[in-house]
A.B. asks: 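Let me give you the structure first, and then I'll get to my questions.
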Amino acid sequence: MCGIVGYIGPKSLDSFLIVGLKKLEYRGYDSAGIAIIDKNELVVRKSTGKIVDLEKLIENDKFDGHVGIGHTRWATHGAPTKINAHPHTNQAQTIAVVHNGIIENYTNLKKDLINEGYIFISDTDTEIIAHLIEKYLKTEKNFENAFYQTILLLEGKFAIAAVSEFEPEKIFFVKDGAPLIIARNTTVKESFLASDLPALVPIAKESCYLENKQWGYMNNTDFKLYNWNHEPVKLQFILIDLKIEQFEKGKYEHFMLKEIHEQPSMIRRILANRIKDGIISFNEFKVGDEKLKKIGRILIQASGTSLIAGKLGKMYLENNSRIYTEADFSSEFRYRNPLVEGDTMVVGISQSGETADTIAGIHEAKSKFLRVISFVNNVNSSMARESDGIIDLLAGPEIGVASTKAYTAQLVNLFLFSLYLGRLNGNLSETELERNLKELMTIPEKIEKILNNIDPIIKIAEFLKDQKDTIFLGRTFNYPTSLEGSLKLKEISYIHASAYAAGEFKHGPIALVSENLPVILTVPNSEIRPKILSNLMEVKARLGKIITIVTEGDQEIIDLSDYHITIPDIEESLSPLLAIIPLQLLAYYTALFKGCNVDKPRNLAKSVTVE
Ligand code: M6R
């Protein structure tokens, strides 16, 4: 949600900022802009739309500067217009700021500034920051103090970078609640900042993740970091060990397709990492077994796809470890004053580890003195640092806005964790563990089989692309599959898709069914199959178009379907790991055939860092 970059060094500034912003575009793509100190003068360029539009705007500019900041926006306050695009400046255009997050008290601050004669041109909360710095420059002895006085006034969640003609060799920055990384390459005297690592790979060599309420400034060789009392903080840089290929599409047309295809190798990697000689271990997890044995209840809180994984996680945990588990939207959990007891463990699940709603849920749990663990893909994220223990999803970087491989990584890790807890508290026998692990090991090959048979998926996508409404149905373990399948379809193809537990459908929503309404049912081989068959017949009787995700060889269901996609046979609890693959591909190809921007769907951002 909004991407920030900053650079000081010998390279062509506009090209670094543009390249960095392009790598962060998944965080927002409503508008973009840069601010450069060019021969001691501030130059700002901004445009609506994507980074390529900004790139076109500046193609004839000849900048001569080596200090600059950039921003790609996901609009919160104010429409995605050029005026509202970042960077924002003071009236004299001597100070420029970029900002990710929300300044919650901006209305009052803006009112005061207007009363004092400051003139605003945008509808954003960000613009107040430039005016406040200018105001404090009149009373404080230097820019550093003026920046500090300004940030002390701000309430909300933010990461901010600022450049100015008053300190032409420096970039000032602050982090409180939104991610910010500073980085360097000492061999060529370069300093960087960014809201996320992709912008820094492969140019920066070392990075330092800022903690909340840290701020400071950098020039090309040096960094100063302070706490909220303006006391120096020791900087700790770590080597960046990511490869550029992890952030590129390679032979695929879109990141989403690449990430869908990465799932077999990713699951093999997770299993190799977690299972040694039939024993499950989570090396990075620092909560001891004695503490885990005392858990009486688990409360999962997450958002979007991560919550859907959490809903399956609930079933895995209850089935395998018999620990009572709930799964709730973070945004609801945080504000509903949940009933908890001392032995309740709160589990956060997140790809980014920066989702504001989920972080707020962690704060809520901590305020109730509960143990908090997080399943995260970014082990340096805010969630990871604020949890008592973390489980690394090991999915590798996920760039496509629509989450795919992070979801299956969440399922595999949650399943393994449920088996681990089950063995620990004695609710799962050694034989059951062995059987489950054996079945899990077959998943990568079975996913490969699905990925190699996309013709039926393409045929259905061609039909779906002209539809306005769709319904997804599934039962028990595959109710979450229907939720996730429908989320994927609406996110990237903008086709309305509702998901229901198939058995519940007849209690009202079935009224929606009419001739040709596509109803997509997941029907794995399971005990509940006869019941799903009845649900299918109920739809068929009302002339709905039946599309099924069905086990190979299940001729009865295949014959009843207008369209079908087969998946290999698998134990029911693990069938969601197979059934979701064709649904991801179905959403992908439907969006593609509709001409939608698959990796950058409208109105969305990869990481939602506002509540
Ligand atoms: O980074 P997180 O897993 O916390 O993100 C949560 C949701 O914002 C995310 O899953 C969102 O729903 C995706 N766009 C789903 O494809």
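By convention here, the first residue in the shown sequence is residue 1. Just follow the structure's listing: the first ligand is 1, and inside any ligand the first atom is 1.
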A.B. asks: Show which atoms of ligand 1 fall inside a sub-4.0 Å distance from at least one heavy-atom site of V401.
C.D. replies: 13 (C), 14 (N), 16 (O)
A.B. asks: Taking 4.0 angstrom as the limit and counting only heavy atoms of K488, give me the atoms of ligand 1 inside it, by number and element.
C.D. replies: 15 (C), 16 (O)
A.B. asks: Tell me: protein heavy atom nearest atom 13 (C) of ligand 1, and distance?
C.D. replies: E491 OE2, 3.4 Å
A.B. asks: Under a 4.0 Å threshold between the charged nitrogen and the carboxylate oxygen, would R274 count as salt-bridged to E284?
C.D. replies: yes
A.B. asks: In terms of atom number and element, which parts of ligand 1 are under 4.0 angstrom from non-hydrogen atoms of S306?
C.D. replies: 2 (P), 3 (O), 10 (O)
A.B. asks: Going by the order shown, which atoms of ligand 1 are within less than 4.0 Å of some heavy atom of T305?
C.D. replies: 10 (O), 12 (O), 15 (C), 16 (O)
A.B. asks: Strictly below 4.0 Å, N to O, side chains only: are E262 and K405 in salt-bridge contact?
C.D. replies: yes
A.B. asks: Using a plain distance cutoff, I'd like to know if T355 has any nitrogen or oxygen under 3.5 Å from a nitrogen or oxygen of ligand 1.
C.D. replies: yes
A.B. asks: Would you indicate which of I359, I308, V608 comes nearest to atom 8 (O) of ligand 1 when only heavy atoms are counted?
C.D. replies: V608
A.B. asks: Taking only heavy atoms of A402 into account, list the atoms of ligand 1 that are under 4.0 Å away from them.
C.D. replies: 16 (O)
A.B. asks: In terms of relative ring orientation, are F158 and H99 parallel, tilted or perpendicular, with 30° and 60° separating the classes?
C.D. replies: perpendicular
A.B. asks: For K449, is the NZ atom crowded, meaning more than 12 foreign heavy atoms sit under 6.0 Å from it?
C.D. replies: no
A.B. asks: Assess whether a salt bridge exists between K311 and D328, defined as any Lys/Arg side-chain N lying under 4.0 Å from an Asp/Glu carboxylate O.
C.D. replies: no
A.B. asks: Check the orientation of F282 and F285. Use parallel for under 30°, tilted for 30 to 60°, and perpendicular for over 60°.
C.D. replies: perpendicular
A.B. asks: Nearest protein heavy atom to atom 1 (O) of ligand 1, by residue and atom, and its distance?
C.D. replies: S352 OG, 2.6 Å
A.B. asks: Just need the protein heavy atom nearest to atom 7 (C) of ligand 1, so name the residue and atom and give the distance.
C.D. replies: S303 O, 3.6 Å
A.B. asks: Heavy-atom count around Y494 OH within 6.0 Å, excluding the residue itself: above 12?
C.D. replies: yes
A.B. asks: Under a 4.0 Å N-O cut-off, is there an ion pair linking K606 with E398?
C.D. replies: yes
A.B. asks: Counting both backbone and side chain atoms, is some N or O of Q410 under 3.5 Å from an N or O of ligand 1?
C.D. replies: no
A.B. asks: What part of E354 sits under 4.0 Å from ligand 1 if we count only heavy atoms: the side chain, the backbone, both or neither?
C.D. replies: neither
